[in-house]
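A quick write-up on the structure given underneath.
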Amino acid sequence: MTALNEGWFTEIFQDQGTAFSLQVKNKLHEEQTPFQKLEIYETETFGNLMVLDGCVMLTTRDNFLYHEMMTHPALFTHKDPKKVVIVGGGDCGTLKEVLKHPGVEEAWQVEIDERVTRMSEKYFPELCEANGDPRANFFFGDGVKWMREVEPNSIDLLIIDSTDPVGPAEGLFALDFYRDAMVALKDGGIVVQQSESPLLHTESIIKDIHTDMRKAGFSHVQTLPFPQPVYPTGWWSCTMGSKDNPLKYFREADVNDRPFVTRYYNAGIHHGALAMPQFMIDALEDQVRPEEG
Ligand code: SAM
């Protein structure tokens, strides 16, 4: 639910009894796409704001936190990621971070709603600056169907950068989807999914992701919390699943020698994000193996 009051955009989380507001200067764009209502605002202090079906997706000012944490921990945990697939991620911020890795030979963005990408090109051009990279490929269609049909054993890293698990994104948080992902990933493959708020969703969405990833055959599952000021509670997470290798280890020397700039991610942040809060360890007790706790 949203409210617009005297120059403020407010997203109301009715069931939590909370809300988040940004002071806005202008509405830059509004349309009903075939999939969702897409709005873009110019804010006073957070740059541009994208909203899908009333839910804040990103702002110019703080999207680096989310995009860096959705990509670099997984890319530096995989031994040698060459082919990366992003499902969702239509704003292209995740794609931009993936393509910073020189070892990536091919990256796909599989986004259901082409209008999100077209409006991101217009209002978030800095996120789309790698779109012309020869390694970048775009497919506009349903990621659930795409994953069902993709060549088995062909992907190193799958990043699920989706909206909340309702509407078209519901199927991206499902056991069948993880089973298809398992088939599509090569040995050593990793899946990483945006997994909502640790405070609000550990007992529900995050627990279900752990259970379903394990049921699908991912032997190690790890949730990494990180700050995200514009999302409900200001605290978000991604959850990685690995086909075979423990997720506690990453290529730390390569992180320290990375040939590109990050604003949030570094080796210390990676170590810190692997340390799950005690209440999450307790809630995920059945799912978390001793060496991962
Ligand atoms: N950072 C955001 C968040 O956590 O709220 C997500 C940003 S990104 C804009 C999410 C994208 O997922 C949207 O553009 C949406 O169209 C896309 N999406 C939702 N369901 C999808 C599906 N089944 N296949 C492909 N893309 C999907």
Side-chain angles (χ1 to χ4, degrees), residues 2 11 13 20 29 31-40 46 48-71 85-98 108-124 127-128 131 137-150 158-174 176-178 180-181 184 192-198 200-201 205-206 209 224-239 264:
T2 57
E11 182 181 350
F13 316 115
F20 176 77
H29 183 79
E31 72 176 284
Q32 179 66 46
T33 78
F35 303 96
Q36 51 213 344
K37 184 174 173 194
L38 166 58
E39 295 165 272
I40 315 261
F46 269 61
N48 288 346
L49 160 70
M50 181 189 285
V51 179
L52 288 179
D53 278 344
C55 299
V56 169
M57 287 293 115
L58 67 143
T59 73
T60 309
R61 188 169 182 185
D62 77 342
N63 77 81
F64 68 98
L65 297 161
Y66 175 91
H67 287 134
E68 291 185 15
M69 289 304 286
M70 285 294 292
T71 52
V85 173
I86 301 153
V87 173
D91 54 71
C92 305
T94 294
L95 181 66
K96 177 186 163 187
E97 295 303 318
V98 166
W108 283 83
Q109 182 183 285
V110 180
E111 161 63 52
I112 203 166
D113 192 345
E114 183 169 356
R115 294 300 298 157
V116 174
T117 299
R118 297 299 160 235
M119 288 303 101
S120 192
E121 286 166 345
K122 184 163 179 189
Y123 294 111
F124 297 89
L127 299 185
C128 299
N131 288 8
N137 299 276
F138 297 86
F139 177 83
F140 293 105
D142 182 7
V144 176
K145 187 166 180 289
W146 192 89
M147 195 54 59
R148 220 178 283 141
E149 292 166 1
V150 72
L158 170 63
I159 302 174
I160 310 165
D161 179 4
S162 72
T163 37
D164 298 340
V166 286
E170 201 175 346
L172 300 172
F173 289 75
D176 282 349
F177 181 73
Y178 300 139
D180 292 338
V192 55
Q193 173 154 47
Q194 78 87 0
S195 49
E196 309 277 311
S197 163
L200 302 180
H201 303 118
I205 295 169
I206 295 175
I209 291 173
L224 291 80
F226 55 88
Q228 189 59 62
V230 301
Y231 287 171
T233 72
W235 197 25
W236 219 243
S237 69
C238 61
T239 297
Y264 181 68

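Atoms within a ligand are numbered from 1 in the order they appear, just like the ligands themselves.
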Do Met50 and Tyr123 have side-chain heavy atoms sitting under 4.5 Å apart? no
Partner residues of Glu121 under the salt bridge (charged side-chain N to carboxylate O under 4.0 Å, His left out) criterion, sequence neighbours left out: Arg118
For Trp146, side chain to side chain donor-acceptor pair (under 3.5 Å) partners two or more places apart: none
Take Met119 and His29, measure what side-chain contact (heavy atoms from CB on, under 4.5 Å) needs, and give me the verdict at the end. CA-CA 9 Å; Met119 288 303 101; His29 183 79; 3.6 Å; yes
Residue contacts for ligand 1, heavy atom to ligand atom, distance under 4.0 Å: Gln36, Leu52, Met57, Tyr66, Gly88, Gly89, Asp91, Val110, Glu111, Ile112, Asp113, Val116, Gly141, Asp142, Gly143, Asp161, Ser162, Thr163, Pro168, Ala169, Leu172, Gln194, Tyr231
Check: Ser195/Ser237 side-chain N/O donor and acceptor closer than 3.5 Å: yes
Sequence neighbours excluded, which residues qualify as salt bridge (charged side-chain N to carboxylate O under 4.0 Å, His left out) partners of Lys145? Glu149
